[in-house]
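Keep in mind that this is a model prediction, so the values were computed, not measured.
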Amino acid sequence: MGSTSAENDKGSVGRRDLIKRSAALGLITVPTMSFLSACASGGGDDDSNDTPKGKTSKDNPFGAEKGSKLDVVIFKGGYGDNYAKVWEADFQKKLGITSTHTGTQEITGKLQPRFNAGNPPDIVDDSGAQQIKVDVLNKNGQLLDLAEVLDAPSVDDPSKKVRDTLIPGTLDPGTFEGKVVALNYIYTVWGLWYSGKLFKEKGWEEPKTWDDFLAICTDAKKQGIGGLAHQGKYPYYINVAIMDLIAKTGGLDAMKAIDNLDPKAFVGSDAAQAGVEAIYEVVEKGLLMPGTNGLTHTESQTRWNQYKAVFITSGSWLENEQLKTTPADFDMKFLPMPLLPDSKLPFEAIRAGAGEPFIIPNKAKNLAGAKEFMRRMLSKEWSTQFAKEANSLTILKDGVDSGVQLRPGTQSTVEASKAAGDNTFRYLYVDWYSEMGAAIEAASNELMAKRIQPKEWLKRAQAAVDKQAKDPASKKNHRD
């Protein structure tokens, strides 16, 4: 993530690994859509609580105890939670460990009181609109360092460590101050989406430049169709477009300036100015889908499925999330962000990397069981089970059997990934600095409602960067 060369930058994603795997599948996340700030208290990094532990062995390196119970909480979003139920059944069959399963979208509501009381679950898919921010949990010492899991023998090849079986760069979003405290499990791409059926009916070609994008939106408006829809109540989504434009226009240096809290990350950045002005042009010209600013993600996406807008911004979990409302002949397609003039990255470049953070609280009652469960998540068997149930790829290299068939929208992300090659990038500030991310999202919300203009957006975004830079802990996060 954040690099065009897997060999030269630890922030890159192993694109060749993905290409090889995608070719085998013919194939590709809710990643981590984090919108709300959550407060965590208590914690401490003592993981020596009274946890059941059995005998260790080659097949059970953590000593997960037969007859013990595992408390599993899964964010039930675009990927559902059936995949976890399949995992849990296999875990019980092979290790004799039963699970208490909770599938929910109310992660903060259900889990914050448990974290505060020192009684968290054993393993959590901490995602969605009500995610408990990983950086907050980490800052309060409530997360287990996952090094022991990552350094354990791989289920598929015990001669390798688990970490050596993963696509390069995919551990970066869960790495804080040099420690991996969250396993972002799902390989995700972000960008624009459209209906292949609608494009065919209207005679539109996939736009590669921003001018071509605006031309389609303008033509659609004349025909009573919105140009761009966005999930107005969750401005994370419109920031996909803004931040992609910044990265593609200014190159990786413009992206890294934001992650590294540069004093000219926004104010003084030509790329940032160009990106936000481009999005504001859509607003000024009335090319937004009417009402989109006041809609939730699913409301806006459903109207898009009803052909009330041409484009929408999202990640590759979109198809899964909209299965019930997408017409059978909709032909969902992924589109890399079109280019502004003089862009440093090519049209094919996409934001891609790991999403959907799984965490193990350090006060989990069954730490040995949780570690073994996570180790098995990174086996080909469980990775394939996930692909079958959730229509998505994982961060495991060559981790899905070739017989798995993906749906059209997800398939199109695979084709986009092949075309991108090593031209991928990924922001880390959304994982490292949730307060800063929320402030930028708030500014974007004002921008889309025409309550502020691009110049003020840049000032507010820069102010969020400058505030974050004053936190001494921020100095421990840096990307080259």
Do the side chain of [X] and the main chain of [Y] share a donor and acceptor less than 3.5 angstrom apart?
{"X": "R351", "Y": "G191", "result": "no"}
{"X": "D71", "Y": "P120", "result": "no"}
{"X": "K248", "Y": "M337", "result": "yes"}
{"X": "T175", "Y": "G178", "result": "no"}
{"X": "S300", "Y": "H297", "result": "no"}
{"X": "T108", "Y": "Q130", "result": "yes"}
{"X": "N138", "Y": "V134", "result": "no"}
{"X": "S383", "Y": "S379", "result": "no"}
{"X": "T56", "Y": "P61", "result": "no"}
{"X": "E446", "Y": "I452", "result": "no"}

When the ring centroid of Y234 is compared with that of Y236, is the distance short of 6.0 Å?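 Not close enough - the centres of the two rings lie 6.0 Å or further apart.
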Do the two ring centres, one from W457 and one from F266, sit under 6.0 Å apart?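 Ring-ring flag for W457/F266: true, centres closer than 6.0 Å.
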Among W87, F75, W382, which residue meets the ring pair (Phe, Tyr, Trp, His ring centres under 6.0 Å) test with Y185?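 Of all the options given, the one that passes is W87.
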In a check of ring pair (Phe, Tyr, Trp, His ring centres under 6.0 Å) between W304 and each of Y237, W193, F330, which one passes?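 It is F330, the one option of Y237, W193, F330 that forms the ring pair (Phe, Tyr, Trp, His ring centres under 6.0 Å) with W304.
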Can [X] and [Y] be counted as an ion pair, charged N to O under 4.0 angstrom?
{"X": "E372", "Y": "R376", "value": "yes"}
{"X": "K467", "Y": "E435", "value": "yes"}
{"X": "R426", "Y": "D431", "value": "yes"}
{"X": "E88", "Y": "K85", "value": "no"}
{"X": "K139", "Y": "D135", "value": "no"}

Check: [Y] and [X] side chains under 4.5 Å, non-hydrogen atoms:
{"X": "Q301", "Y": "L318", "answer": "yes"}
{"X": "Y429", "Y": "V465", "answer": "no"}
{"X": "S316", "Y": "W190", "answer": "no"}
{"X": "L143", "Y": "I360", "answer": "no"}
{"X": "L367", "Y": "L144", "answer": "yes"}
{"X": "V155", "Y": "L378", "answer": "no"}
{"X": "F386", "Y": "S392", "answer": "yes"}
{"X": "I97", "Y": "K66", "answer": "no"}

Partner set under salt bridge (Lys or Arg N to Asp or Glu O under 4.0 Å) for K69, not counting sequence neighbours: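 Partners of K69 under the salt bridge (Lys or Arg N to Asp or Glu O under 4.0 Å) test: none.
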Assess whether side chain to side chain donor-acceptor pair (under 3.5 Å) is satisfied between D157 and S159, documenting all intermediate values. CA-CA 5 Å; D157 184 355; S159 69; 2.5 Å; yes
Any side-chain donor near an acceptor of the partner, [X] and [Y], under 3.5 Å:
{"X": "Q112", "Y": "N116", "result": "yes"}
{"X": "T302", "Y": "E299", "result": "no"}
{"X": "N293", "Y": "H230", "result": "yes"}
{"X": "N366", "Y": "D122", "result": "no"}
{"X": "Q92", "Y": "T98", "result": "no"}

Measure the [atom1]-[atom2] distance between [X] and [Y] for me, rounded to the nearest 0.5 Å.
{"X": "L166", "Y": "R163", "atom1": "CG", "atom2": "CZ", "value": "8.5 Å"}
{"X": "E441", "Y": "M436", "atom1": "CD", "atom2": "CE", "value": "11.0 Å"}
{"X": "I350", "Y": "L192", "atom1": "CD1", "atom2": "CG", "value": "12.5 Å"}
{"X": "R460", "Y": "L458", "atom1": "CZ", "atom2": "CG", "value": "11.5 Å"}
{"X": "N391", "Y": "T410", "atom1": "CG", "atom2": "OG1", "value": "3.5 Å"}
{"X": "L288", "Y": "K450", "atom1": "CG", "atom2": "NZ", "value": "9.5 Å"}

For K94 and D90, run salt bridge (Lys or Arg N to Asp or Glu O under 4.0 Å): C-alpha distance rounded to whole Å, both residues' side-chain angles, the deciding distance at 0.1 Å, then the answer. CA-CA 6 Å; K94 292 178 179 174; D90 188 66; 3.3 Å; yes
Residues L146, K371; criterion side chain to side chain contact (heavy atoms under 4.5 Å, CB included); working and verdict: CA-CA 8 Å; L146 300 178; K371 292 174 187 177; over 6 Å; no
Do you know which two heavy atoms are closest between [X] and [Y], and how far apart they sit?
{"X": "A309", "Y": "M289", "result": "CB-SD, 3.7 Å"}
{"X": "A272", "Y": "A265", "result": "CB-O, 4.0 Å"}
{"X": "S314", "Y": "Q231", "result": "CB-NE2, 4.2 Å"}
{"X": "G369", "Y": "L70", "result": "C-CD1, 3.6 Å"}
{"X": "D59", "Y": "R375", "result": "O-NH2, 3.1 Å"}
{"X": "P153", "Y": "P158", "result": "CB-O, 3.7 Å"}

Please step through side chain to side chain contact (heavy atoms under 4.5 Å, CB included) for the pair L137 and I359, ending with a clear verdict. CA-CA 10 Å; L137 290 171; I359 57 174; 3.8 Å; yes
Can F425 and L252 be said to form a side chain to side chain contact (heavy atoms under 4.5 Å, CB included), step by step? CA-CA 7 Å; F425 58 92; L252 301 183; 3.8 Å; yes
M332 vs N305, side chain to side chain contact (heavy atoms under 4.5 Å, CB included): CA-CA, chis, key distance, verdict: CA-CA 9 Å; M332 192 177 295; N305 283 150; 4.3 Å; yes
Heavy atoms of other groups near K380 NZ, more than 12 under 6.0 Å: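 Yes, NZ of K380 has more than 12 neighbouring heavy atoms, counting only those of other groups under 6.0 Å.
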Is it true that, when you exclude K58 itself, more than 12 heavy atoms of the residues, nucleotides or ligands shown sit nearer than 6.0 Å to its NZ?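 No, NZ of K58 has 12 or fewer neighbouring heavy atoms, counting only those of other groups under 6.0 Å.
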